[in-house]
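Contents: one structure, followed by commentary.
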Number of protein chains: 2
Amino acid sequence: MAENKQPTIYDVSERVGVSLATVSRVVNNNGKVKDETRQKVLKAIKELNYRPNAMAKGLASSKTTMIGMVIPDLTDLYYAELAQGIDAVAKIYNYSVTLAVSDDNPEAEKAALNTLIDKHVDGMIYMGNKTSKEMLHLLEESPFPVVFAGSVDPDNKLPSVNIDYVKAFKQVGLTLKKNLKDSKIALVDNPGESSLSDLRKEGFLSAVPGGKIYESDDDYQAGYNLAHHLYKDGIRAVITGEDEPAVGILNYMQDNGIKVPDKFQIISSNDTKLVNMTRPAISSVTQPKFDIGAVAMRLLTKLMSDQKVDDPEVLLPHEFVMRDTTK
Amino acid sequence: MAENKQPTIYDVSERVGVSLATVSRVVNNNGKVKDETRQKVLKAIKELNYRPNAMAKGLASSKTTMIGMVIPDLTDLYYAELAQGIDAVAKIYNYSVTLAVSDDNPEAEKAALNTLIDKHVDGMIYMGNKTSKEMLHLLEESPFPVVFAGSVDPDNKLPSVNIDYVKAFKQVGLTLKKNLKDSKIALVDNPGESSLSDLRKEGFLSAVPGGKIYESDDDYQAGYNLAHHLYKDGIRAVITGEDEPAVGILNYMQDNGIKVPDKFQIISSNDTKLVNMTRPAISSVTQPKFDIGAVAMRLLTKLMSDQKVDDPEVLLPHEFVMRDTTK
DNA sequence: TTGTAAGCGTTATCAG
DNA sequence: CTGATAACGCTTACAA
């Protein structure tokens, strides 16, 4: 930890013998500056190792070049991959990102939003799927633009980036139906309110009207625990809304001598690296996760600079990888 | 996105009929203020929904209540879990955390540091294990305190929080040695410079002087690819520095009919949720990952408020979970 | 093309 | 216990 004071724009202007305004112009590359002057200023900046103070800049211009990113859980690989995409694009546009882990908890989300407002971020990316009515309202009222990534605004007021879950889950349902009765096929998804789950359910049921719906928290153990009931209930194929429960279900079957995919089939929907690490490897819908984050962030940059966006609700293409948990 | 101006401290003072200074005093709860006045101010604050502008505050006080967190890869569950610990403690002390994904890349790390300096964060947590000499130097010179989490400063000048890798890897080596010759045991770790790897190597070799060292990138595929060579070279047990390669090695063995643990044993060292999701489940050193992050952040808060810290190099206790990849 | 000067919303130092 | 007032470092009309 070093102890010396940073030079200010004033130091630069003094050394060169020009005004603050001129230095500011060259730093921000706006307004006309004679090339000779520009060079002198640039030289002084280098020599003094001057760096603009972001706070002062923010205060004067009311732009912080910071965005907020609310994420439910850093150890959920789905969100982590979205975050990589967000971060990558943020870097390109020179935004730094302030993290707000929400734990999918309404109170924590509210607190996070308030902090972001206080910090005067220029915009925010929201991830989370148990968004409360209240939170939704706060987001709509927020002083900066908000984009949903891998998440959806049920009111459809806020821009979002996702895959077409209805279509994807319908396709999966159709696939499973080929050699199984509806009653043997189930959708395993988050408990409680979740607009994403609703879409998945809609797609699934449109293909498999007689299918069953089970609720499971989105962690490994929840899936493991649920698996027993699934099998006992006569379910022989599941599609899950998250990857970790799929792994849990798979392992339960294996640990109990139920052959996958012969006796039980599994398809997951996030295709995080997890599903390729199990044996058998899990079949899955694939999502362009990095791109979802990247596109969401790009959309946000447009919103932040008041550019028109043609379609605020973007659906990116998905695919399927059939590995070894399906026949 | 709503469009109304935030009230300022000035609005509050005007409404109550006191000076700015008084309002500031009650907001920051410092200095003496008559209780009656305080109540009036508090009331006005609530009514106006006044919230201090963090930038103005930062400019005036040169404190931002923001910290930087540099992390190599958000999808590496080891770091993700540290990050959760960091975030949790940061919340408690009211710091917001600015993310800087470094990709373990020296240039990106430098850029991240510069951004953090520009943003005037009050401190930073550094994670990364291929820290270049230059970066190390920059960190030592940084204008704010820096704490290493799950990472080590080879020069030992910067505070850090870790487990005792030397001891852990020695213990693991000893375990494996019980029924295998040294020449059949290998350590698989990161390629290139890495002070953490050095510690692991030191511990490993002190127990297994005749052991071999293999290099592997810390992803699944690298482990998978390496496994072939390991087996061909007569290695029959490995300990890995990271979890993903361990999974890769395990799967290679399984895919090729080499029974684990009968014919090949594996121990990993991060105990992320991955290793419990494979079949057989992977034996591992266990680390208090959340706590490493939490303690690092706590340490940083002390440093940021110029408190004395007794021991800047903290080692947290580790354990072992022997699952099904060891005999 | 360049300079002047008024903010931006706080904190903090002095007086009172 | 309270109030003026000068910073903090920069942007941005408005003049020159």
Side-chain angles (χ1 to χ4, degrees), chain A residues 4-42 44-45 48-66 94 117-122 143-144 305, chain B residues 4-42 44-45 48-66 94 117-122 143-144 305:
Chain A
N4 36 32
K5 276 250 153 310
Q6 290 280 329
T8 74
I9 198 171
Y10 184 78
D11 298 316
V12 178
S13 81
E14 200 173 42
R15 167 180 268 241
V16 183
V18 295
S19 72
L20 299 186
T22 302
V23 177
S24 175
R25 290 189 186 99
V26 354
V27 168
N28 296 296
N29 217 340
N30 69 28
K32 296 281 149 213
V33 179
K34 206 201 321 183
D35 197 53
E36 189 191 333
T37 318
R38 175 184 306 278
Q39 295 312 326
K40 282 197 289 192
V41 171
L42 253 16
I45 287 179
L48 291 172
N49 188 27
Y50 163 73
R51 5 192 26 186
N53 178 317
M55 279 179 299
K57 186 167 189 160
L59 188 53
S61 67
S62 55
K63 296 226 163 302
T64 48
T65 59
M66 297 196 307
N94 256 299
I117 292 176
D118 290 346
K119 298 287 191 216
H120 285 242
V121 298
D122 296 336
F144 40 70
S305 54
Chain B
N4 36 30
K5 278 250 154 310
Q6 290 281 327
T8 72
I9 197 171
Y10 184 76
D11 298 316
V12 178
S13 80
E14 200 172 40
R15 167 179 268 242
V16 182
V18 296
S19 72
L20 299 185
T22 301
V23 178
S24 177
R25 288 190 187 99
V26 356
V27 169
N28 297 295
N29 217 339
N30 69 29
K32 294 282 146 213
V33 178
K34 206 202 318 182
D35 196 53
E36 189 191 334
T37 319
R38 173 183 308 278
Q39 295 312 327
K40 281 197 287 189
V41 171
L42 253 16
I45 287 179
L48 291 172
N49 189 26
Y50 161 74
R51 6 193 21 186
N53 178 317
M55 278 180 299
K57 187 166 189 160
L59 226 210
S61 67
S62 57
K63 296 226 164 302
T64 50
T65 57
M66 297 195 308
N94 254 297
I117 292 176
D118 290 346
K119 296 288 192 219
H120 285 242
V121 299
D122 295 336
F144 40 68
S305 54

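Just so we're on the same page: letters track the sequence lines, and every chain starts at 1.
Side chains of B/Val23 and B/Val16 form no contact here, defined as non-hydrogen atoms less than 4.5 Å apart. Side-chain atoms of A/Arg15 and A/Asp11, non-hydrogen and from C-beta on, never get closer than 4.5 Å to each other. Considering only heavy atoms from C-beta on, A/Leu59 stays 4.5 Å or farther from A/His120 through its side chain. For the pair B/Lys34/B/Thr22, no side-chain contact is recorded, criterion being any heavy-atom separation below 4.5 Å from C-beta on.
A/Thr65 and B/Lys119 share a donor-acceptor pair across their side chains, judged by distance under 3.5 Å alone.
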Working for side-chain contact (heavy atoms from CB on, under 4.5 Å), residues A/Thr8 and A/Asn53: CA-CA 8 Å; A/Thr8 74; A/Asn53 178 317; over 6 Å; no

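Once you apply a 4.0 Å limit to the heavy atoms of chain A, the touched nucleotides of DNA chain D run 5' to 3' over D/dG9 to D/dA13. Nucleotides of DNA chain C with any atom under 4.0 Å from a heavy atom of chain B span, from 5' to 3', C/dG9 to C/dA12.
For the segment residues 12-22 of chain A, residues with any heavy atom less than 4.0 angstrom from an atom of DNA chain C are, sorted by number, A/Gly17, A/Val18, A/Ser19, A/Ala21, A/Thr22. Contacts of residues 55-66 of chain A with DNA chain C (heavy atom under 4.0 Å): A/Leu59, A/Ala60.
When the local axes at the two ends of the helix from C/dT1-D/dA16 to C/dG16-D/dC1 are compared, using 5 base pairs at each end, they differ in direction by 30° after rounding to 10°.
Side chain of B/Ser61 to main chain of B/Lys57: a donor-acceptor pair is present (N/O by atom type, distance under 3.5 Å, no hydrogens or angles).
Within the 4.0 angstrom heavy-atom criterion, no nucleotide atom of any strand lies near A/Arg38. Across all strands shown, A/Thr8 has heavy atoms under 4.0 Å from sugar-phosphate atoms exclusively, and none from any base.
With sequence neighbours left out, the side chain to side chain donor-acceptor pair (under 3.5 Å) criterion links B/Arg51 to A/Asn114, A/Asp118.
Here A/Ile117 contributes atom CD1 and B/Gln6 contributes atom CD; the two are 7.0 Å apart, rounded to the nearest 0.5 Å.
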